[in-house]
K.L.:
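Here you go, one structure.
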Amino acid sequence: MRSIQYPGFAEPLVPRDAPQPEPSSDGVVIRVGAAGLCRSDWHGWQGHDPDITSLPHIPGHEFAGTVTEVGSKVSRWQVGDRVCVPFILGCGTCTWCAAGDSQVCPDQWQPGFHGPGAFAEYVAVPRADANLIALPPVIDMAEAAILGCRFGTAFRAAVDIAAVQADEQVVVHGCGGLGLALVMIAAAKGAHVLAVDVVPDALELAMRVGATNALDVSSWCDDDDPTAADEVIRELTNGGAHASFDALGNGLVASRSVRTLRPRGRHVQVGLLNPSAISSHGSIPMHLVIGRELEVLGSHGMPSADYPRMLAMIAQGAIQPAALITHRVTLEQIPSRFMAEAWEPGITVAEM
């Protein structure tokens, strides 16, 4: 089968033939319909993820497709089913999975990290009965692909973790694919959303998908004072955010998100924040957390049990993930887009 691989960390991605996978007894093989190009895969390529232990490697963890083979122990799925795949596959049997929290399963398995991913014609996925989601006919493969990571992650962070309410002041720091999804979902809940980024085109797109205001903080990036933008954010949110998201994964951004909350506000860390991303200015200001009774929350993916609520909102037209897709490419075009020095605003999806 055709695939895109990297032979070593940070080495160029190349098209290569690979053996077509076979299903595990509890898994399925999926013909990939579409796969999103997500920054998490970029971090894996750079060698930042310890779960990638076998090289060469096929990345790609955000995808949807059609079942082509079924393992002997699978009962819920059959050949021809259209499915979306959460990027976190729980074991299905532990205490957390039993409670519907597969996104924090201690024995989780992630396609594109723990094994070969979806930058290929076919991908094998284990634990199918406990994790796969059936796709309604009204959702096409490109739109479905981004539900498995960025959009699903944003939905849980905004709706379940932050519990965004109508008329609240919400700030989204970082308007990549994840941040744009947060903007759209928070706006759909009736919040007033301030989008913050350093790229004008990203902010323009954020305004198109639901932000009520946008702030370009690029002029403050080289400022010696890391709090330089705080007062402007507080003014634009009428005294501070009720809920604020770091959708980038940066210590300085996370600290700013917490500092610009109003009393009893909620900071949600959604962007992956590696220890190396935290600087001396980027640690969480715990004195403010105490004095203002702030909440500092983490959010990681979304369990398969929660997808029906999101799919219902999509079917109703309340949220429109397809509006975030700005570029559609082929499998063979993935390497040039993936290795670009700067990714263009919006979400790129490879259609197979």
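Quick note: numbers below take in every heavy atom, side chains included, and nothing from hydrogens, waters or symmetry partners.
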K.L.:
Would F338 and W45 count as a ring-ring contact (aromatic ring centres under 6.0 Å, His included) here? Give the steps.
P.N.:
CA-CA 10 Å; F338 192 87; W45 171 52; 5.6 Å; yes
K.L.:
Before giving the answer on ring-ring contact (aromatic ring centres under 6.0 Å, His included), spell out for H61 and F113 the whole-Å C-alpha distance, their side-chain angles and the decisive distance to 0.1 Å.
P.N.:
CA-CA 7 Å; H61 70 283; F113 296 98; 5.3 Å; yes
K.L.:
Tell me whether S255 contacts the main-chain N or O of G251 through its side chain, where contact means a donor paired with an acceptor under 3.5 Å.
P.N.:
no
K.L.:
What are the two closest heavy atoms between D49 and G44, and how far apart are they?
P.N.:
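For D49 versus G44, the nearest heavy atoms are CB-CA, 4.3 Å.
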K.L.:
Check the surroundings of atom CH2 in W96: do more than 12 heavy atoms from other residues, nucleotides or ligands lie under 6.0 Å from it?
P.N.:
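Incorrect, the count does not exceed 12.
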K.L.:
So if I apply the side chain to side chain contact (heavy atoms under 4.5 Å, CB included) rule between F245 and each of V270, L297, V196, V193, which one comes out positive?
P.N.:
V270
K.L.:
Is V198 linked to L236 within one hydrophobic cluster, defined over Ile, Leu, Val, Met, Phe, Trp and Tyr using a side-chain heavy-atom separation of less than 4.5 Å?
P.N.:
yes
K.L.:
Measure the spacing between OG of S40 and CD of Q110 and express it to the nearest 0.5 Å.
P.N.:
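Result: 8.5 Å between the selected atoms.
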K.L.:
Under a 4.5 Å cut-off applied to non-hydrogen side-chain atoms, are F9 and L55 in contact?
P.N.:
yes
K.L.:
Give the C-alpha distance, both sets of side-chain angles, the deciding distance and a yes or no for side-chain hydrogen bond (donor to acceptor under 3.5 Å, both in side chains) between T260 and R256.
P.N.:
CA-CA 6 Å; T260 52; R256 183 177 65 207; over 6 Å; no
K.L.:
Of the non-hydrogen atoms in W109 and A124, which two are nearest, and what is the gap between them?
P.N.:
CH2-O, 4.1 Å
K.L.:
Before giving the answer on side chain to side chain contact (heavy atoms under 4.5 Å, CB included), spell out for M310 and I314 the whole-Å C-alpha distance, their side-chain angles and the decisive distance to 0.1 Å.
P.N.:
CA-CA 6 Å; M310 180 177 69; I314 296 171; 4.2 Å; yes
K.L.:
Side chains of F87 and C38: closer than 4.5 Å at any heavy-atom pair?
P.N.:
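Side chain of F87 against side chain of C38, heavy atoms only: no contact under 4.5 Å found.
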K.L.:
Between D140 and R82, is there a side-chain N and carboxylate O pair less than 4.0 Å apart?
P.N.:
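So D140 does not pair with R82 through a salt bridge.
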K.L.:
Does any N or O in the side chain of D201 come within less than 3.5 Å of the main-chain N or O of L205, such that one atom is a donor and the other an acceptor?
P.N.:
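Answer holds: no.
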K.L.:
In the single-linkage hydrophobic clustering (I, L, V, M, F, W, Y; side-chain heavy atoms under 4.5 Å), do I4 and M141 co-cluster?
P.N.:
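No: no chain of side-chain contacts under 4.5 Å links I4 to M141.
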K.L.:
Decide whether V232 and L248 are clustered together by the hydrophobic rule: side chain heavy atoms of Ile, Leu, Val, Met, Phe, Trp, Tyr closer than 4.5 Å, transitively.
P.N.:
no
K.L.:
Under 4.0 Å between a side-chain nitrogen and a carboxylate oxygen: does that hold for R262 and E168?
P.N.:
no
K.L.:
Before you tell me yes or no, could you show the steps for V32 and F119 under side chain to side chain contact (heavy atoms under 4.5 Å, CB included), namely the whole-Å CA-CA distance, both residues' side-chain angles and the distance that decides it to 0.1 Å?
P.N.:
CA-CA 8 Å; V32 180; F119 290 176; over 6 Å; no
K.L.:
Drop me the distance from S3's OG to L331's CG, to the nearest 0.5 angstrom.
P.N.:
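Rounded to the nearest 0.5 Å, the OG-CG separation comes to 7.5 Å.
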K.L.:
Is a salt bridge present between E344 and R337, judged by a nitrogen-to-oxygen distance below 4.0 Å?
P.N.:
yes
K.L.:
Is it possible for you to say whether L182 and L215 belong to one hydrophobic cluster, with membership spreading through side-chain heavy-atom contacts below 4.5 Å?
P.N.:
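Unlinked, L182 and L215 end up in two clusters.
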K.L.:
Are D107 and R127 ion-paired here, with the side-chain N under 4.0 Å from a carboxylate O?
P.N.:
yes
K.L.:
Kindly say whether L132 contributes a backbone atom to a donor-acceptor pair with the side chain of S304 at under 3.5 angstrom?
P.N.:
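No, S304 side chain to L132 backbone: no donor-acceptor pair under 3.5 Å.
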K.L.:
Where the side chain of S299 meets the backbone of R156, is there a donor-acceptor pair that is under 3.5 Å apart?
P.N.:
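A pair under 3.5 Å: no.
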K.L.:
Might you point out which heavy atoms bring R309 and D160 nearest each other, and give the distance in Å?
P.N.:
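Distance-wise, the nearest heavy atoms are NH2-OD2, 2.8 Å.
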K.L.:
Hey, what do you get for SG (C97) to CD (Q103), rounding to the nearest 0.5 Å?
P.N.:
9.0 Å
K.L.:
Hey, are the side chains of R292 and L261 touching, using non-hydrogen atoms and a 4.5 Å cut-off?
P.N.:
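No. Closest side-chain heavy atoms not under 4.5 Å.
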K.L.:
Report yes or no: does D197 contribute a side-chain atom to a donor-acceptor pair with the main-chain N or O of L203 at less than 3.5 Å?
P.N.:
no
K.L.:
Spell out, as yes or no, whether a donor-acceptor pair under 3.5 Å connects the side chain of E293 to the backbone of P263.
P.N.:
no
K.L.:
Do P86 and P303 have side chains that approach each other closer than 4.5 Å (heavy atoms only, starting at C-beta)?
P.N.:
no
K.L.:
Between atom OG of S257 and atom CG of N250, what is the distance when rounded to the nearest 0.5 Å?
P.N.:
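Taking OG in S257 and CG in N250, the distance rounds to 11.5 Å.
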K.L.:
Distance from E231 atom CD to R259 atom CZ, nearest 0.5 Å?
P.N.:
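CZ of R259 is found 12.0 Å from CD of E231.
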K.L.:
Do I146 and E62 come close enough that some side-chain heavy atom pair is under 4.5 Å?
P.N.:
yes
K.L.:
Taking the side chain from S24 and the backbone from G27, do they hold a donor-acceptor pair closer than 3.5 Å?
P.N.:
yes
K.L.:
Taking E11 for the side chain and L13 for the main chain, is one N or O donor matched with an acceptor at less than 3.5 Å?
P.N.:
no
K.L.:
Are I161 and F155 side-chain neighbours, meaning at least one heavy-atom pair lies under 4.5 Å?
P.N.:
no
K.L.:
Are any side-chain N or O atoms of Y307 and backbone N or O atoms of G152, one a donor and one an acceptor, separated by less than 3.5 Å?
P.N.:
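Absent.
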K.L.:
Check this for me: does any side-chain nitrogen of one of K73 and D26 sit under 4.0 Å from a carboxylate oxygen of the other?
P.N.:
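Salt bridge: no.
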K.L.:
Report yes or no: do V258 and V268 belong to one cluster of Ile/Leu/Val/Met/Phe/Trp/Tyr joined by side chain heavy-atom distances under 4.5 Å?
P.N.:
no
K.L.:
Do L194 and V170 make a side-chain contact, defined as non-hydrogen atoms from C-beta onward lying under 4.5 Å apart?
P.N.:
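No, every pair of side-chain atoms sits at 4.5 Å or beyond.
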K.L.:
Tell me whether D17 is salt-bridged to R2, with the criterion being a basic N under 4.0 Å from an acidic carboxylate O.
P.N.:
no
K.L.:
Using every non-hydrogen atom in the two residues, find where G301 and I88 come nearest and quote the distance to one decimal.
P.N.:
CA-CD1, 4.1 Å
K.L.:
Please check if the side chain of H242 supplies one atom and the backbone of G265 the other of a donor-acceptor pair under 3.5 Å.
P.N.:
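No, because the side chain of H242 does not come within donor-acceptor range (under 3.5 Å) of the backbone of G265.
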K.L.:
At what distance, to the nearest 0.5 angstrom, does CG of L135 lie from SG of C84?
P.N.:
6.0 Å
K.L.:
In this structure, are over 12 heavy atoms from other groups packed under 6.0 Å from Q78 atom CD?
P.N.:
no
K.L.:
Dump the intermediate steps for side-chain hydrogen bond (donor to acceptor under 3.5 Å, both in side chains) on D81 and T66, then the final yes or no.
P.N.:
CA-CA 6 Å; D81 286 343; T66 304; over 6 Å; no
K.L.:
On a heavy-atom basis, which atom in A34 and which in A145 lie closest, and how many Å separate them?
P.N.:
O-CB, 3.5 Å
K.L.:
A128 and W77: which non-hydrogen atoms are nearest, and at how many Å?
P.N.:
O-NE1, 3.2 Å
K.L.:
Could you go step by step and tell me if N131 and V85 meet the side chain to side chain contact (heavy atoms under 4.5 Å, CB included) rule?
P.N.:
CA-CA 7 Å; N131 292 284; V85 183; over 6 Å; no
K.L.:
For side-chain hydrogen bond (donor to acceptor under 3.5 Å, both in side chains), just list the numbers for H267 and S244, CA-CA rounded to whole Å, side-chain angles, deciding distance to a tenth of an Å, and then say yes or no.
P.N.:
CA-CA 5 Å; H267 163 77; S244 184; 5.1 Å; no
K.L.:
So for atom CD, which belongs to Q320, do other residues, nucleotides or ligands contribute more than 12 heavy atoms lying within a distance under 6.0 Å?
P.N.:
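No, CD of Q320 has 12 or fewer neighbouring heavy atoms, counting only those of other groups under 6.0 Å.
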K.L.:
Quick one: sort the H43 and H48 rings into parallel, tilted or perpendicular, breaks at 30° and 60°.
P.N.:
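H43 vs H48 ring planes: tilted.
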K.L.:
P106 versus C94: any side-chain heavy-atom pair under 4.5 Å?
P.N.:
yes
K.L.:
Can H300 and Q269 be said to form a side chain to side chain contact (heavy atoms under 4.5 Å, CB included), step by step?
P.N.:
CA-CA 9 Å; H300 186 228; Q269 189 63 42; over 6 Å; no
K.L.:
Below 30° counts as parallel, above 60° as perpendicular, anything between as tilted: where do the rings of H57 and Y6 land?
P.N.:
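H57 vs Y6 ring planes: tilted.
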